[in-house]
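The sequence lines fix the lettering, A, B, ..., with proteins before strands; numbering per chain opens at 1. Worth knowing before you read on, the calculation uses all heavy atoms, side chains too, and leaves out hydrogens, waters and symmetry mates.
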2 protein chains.
Amino acid sequence: MSTAPPWTAFANERLANEGFRRGGGRAAVIDLLDAQECALSAQEIEDQLKAGTRKVGRATVYRVIDELVDLGLLGRVELGDGIARFERVFPEGAHHHHHFVCSNCEKLVPFEDEELERVLRRVARREGLVMESHEVTLRGRCPDCS
Amino acid sequence: MSTAPPWTAFANERLANEGFRRGGGRAAVIDLLDAQECALSAQEIEDQLKAGTRKVGRATVYRVIDELVDLGLLGRVELGDGIARFERVFPEGAHHHHHFVCSNCEKLVPFEDEELERVLRRVARREGLVMESHEVTLRGRCPDCS
DNA sequence: ATACGTGCAAAATGTTTGCGGCTCA
DNA sequence: TGAGCCGCAAACATTTTGCACGTAT
């Protein structure tokens, strides 16, 4: 398989189409998110940006997150600790994954499973629901902590 | 199928074994939770108790929730709106269900599926994870809003 | 030029904690 | 009687909002 087009490009195009301007703060948040494999909390985003050259205020972080979630470019993930985390959403469900959280070391492990997706689609159909998104979280011991 | 023993009895026995006393506030919270089919937020618990004869303070609601979650009697559910909700957990996974949230009317619809449970167990095994609990949330349009 | 973007600080919301008084065992 | 239980209010943590200023188009 070839390298997927960077999510940044996808997001920027979508934002442009929706009439958003390209400000420095938003660009910094988007670039940071594109560098992550998995979910990041608002606090983590703010901290990592503070550590870099481009300082971005908390309000901007939250506002950008909001826009991206509304546009379907970012997915919100809640792992059970009361802190919302966010991660890229690719077009057509590419790279879609779920999360395992270790109850001992709190490590976050992403995983994919096509049969799981199939079963969820089937359940939604059976219940008469038009599914727009879904989230699966497993909790337990990771291999290192067993 | 026969009527399952009330969760209240199960919870009280477990609490007694752990050396907890039976206070009026805790009893009220437990009774209220046992009357619910699905998850309730701390705010909802407090409000419903305030409306009844037994007023219970916010702190007690949270403290009781904490104890019950720690003992595995209560499950924490996060549905994507940043508010934690809680629901009874029965022994041996009886009555175990997941949630669908309507993106239009915010209605909460519980559902069960044995194949889903099987797939999740298989995924955990494949990844070398010892699963302790899991949570599945679907979002989309419910039949009434389609 | 002007509407959108940004940062700061204040406010709102959800949750936890300190502490004095009450109650069950 | 005394260890836990309770409620109030203050403290906390996360997220949202108001406002003045900056910047892209």
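A single hydrophobic cluster is seen to contain both B/F111 and A/M131, as judged by linkage of ILVMFWY side chains at heavy-atom distances under 4.5 Å, directly or through other members. Note: the hydrophobic cluster containing B/F20 does not contain B/V89 (ILVMFWY, side chain heavy atoms under 4.5 Å, direct or indirect links).
In the model, A/E135 has no side-chain atom that pairs as donor or acceptor with a side-chain atom of A/H99 under 3.5 Å. Side-chain contact of A/H134 with A/H96: a donor-acceptor pair under 3.5 Å is present, judged by distance alone.
Atom-to-atom, CD1 of B/I65 to C1' of D/dC6 comes out at 15 Å; the value is rounded to the nearest Å. In this entry the distance linking CD of B/E46 with C1' of D/dA9 reads 13 Å, nearest Å. Atom CZ of A/R85 and atom C1' of D/dA13 are 14 Å apart (whole Å). Summarising the geometry, the separation between CZ on B/R63 and C1' on D/dA9 is reported as 12 Å, rounded to the nearest angstrom. Rounded to whole Å, atom C1' of D/dC12 lies 16 Å from atom CG of A/D81. Between the C1' atom of D/dT16 and the CD atom of A/E67 lies a distance of 14 Å, rounded to the nearest Å. Rounded to a whole Å, the CD1 atom of B/I45 is 14 Å from the P atom of D/dG7.
The distance between the ring centers of B/H97 and B/H95 does not fall below 6.0 angstrom.
Both B/F20 and B/R76 sit near DNA chain C, but only B/R76 has its closest nucleotide nearer the 5' end. Closest-nucleotide positions on DNA chain C for B/A84 and B/R21 were compared, and the one nearer the 5' end corresponds to B/A84.
Ion pairing between a basic and an acidic side chain is recognised when a charged N comes within 4.0 Å of a carboxylate O; B/D31 and B/R54 show no such pairing. One finds a salt bridge joining B/R88 and B/E37 here, because a Lys/Arg side-chain nitrogen approaches an Asp/Glu carboxylate oxygen to under 4.0 Å. Salt-bridge annotation for A/E18 and A/R14: present, with a side-chain N of the basic residue lying under 4.0 Å from a carboxylate O of the acidic one. With respect to the salt-bridge test (charged N to carboxylate O, under 4.0 angstrom), the residues A/E67 and A/R63 do not qualify. Using a 4.0 Å cut-off between charged side-chain N and carboxylate O, B/R121 and B/E117 make no salt bridge. Looking at B/E87 and B/R76, no side-chain N of the basic residue comes within less than 4.0 Å of a carboxylate O on the acidic one, giving no salt bridge. In this structure, B/E132 does not pair ionically with A/R139, as no charged nitrogen and carboxylate oxygen lie closer than 4.0 Å.
In this structure, A/V101 belongs to a hydrophobic cluster whose other members, linked by side-chain heavy atoms under 4.5 Å apart, are A/V77, A/L79, A/L108.
Contact annotation: A/Y62 reaches the phosphate of D/dT15 (side-chain N/O to OP1 or OP2, under 4.0 Å).
Of all the heavy atoms in B/A28 and B/V56, the pair that sits closest is CB-CG2, 4.0 Å. For B/L33 against B/F86, the heavy-atom pair with the smallest separation is CD2-O, 4.3 Å.
Listed in residue order, the members of residues 9-19 of chain B having a heavy atom less than 4.0 Å from DNA chain C come to none. For the contact set between residues 23-39 of chain A and DNA chain C, defined by any heavy atom under 4.0 Å, the members are A/G23, A/G24, A/G25, A/R26. Across residues 48-59 of chain A, A/R54, A/K55, A/V56, A/G57, A/A59 each have a non-hydrogen atom less than 4.0 Å from an atom of DNA chain C (numbered order).
Side-chain atoms of A/E44 come within 3.5 Å of backbone atoms of A/S41 as a donor-acceptor pair (strictly under, hydrogens ignored).
Across the helix from C/dA1-D/dT25 to C/dA25-D/dT1, the helix axis at one end is tilted relative to the axis at the other end by 30° (nearest 10 degrees, each axis from five pairs).
First and last contacts of DNA chain C with chain B, using any nucleotide atom under 4.0 Å from a protein heavy atom and ordered 5' to 3', fall at C/dG14 to C/dA25.
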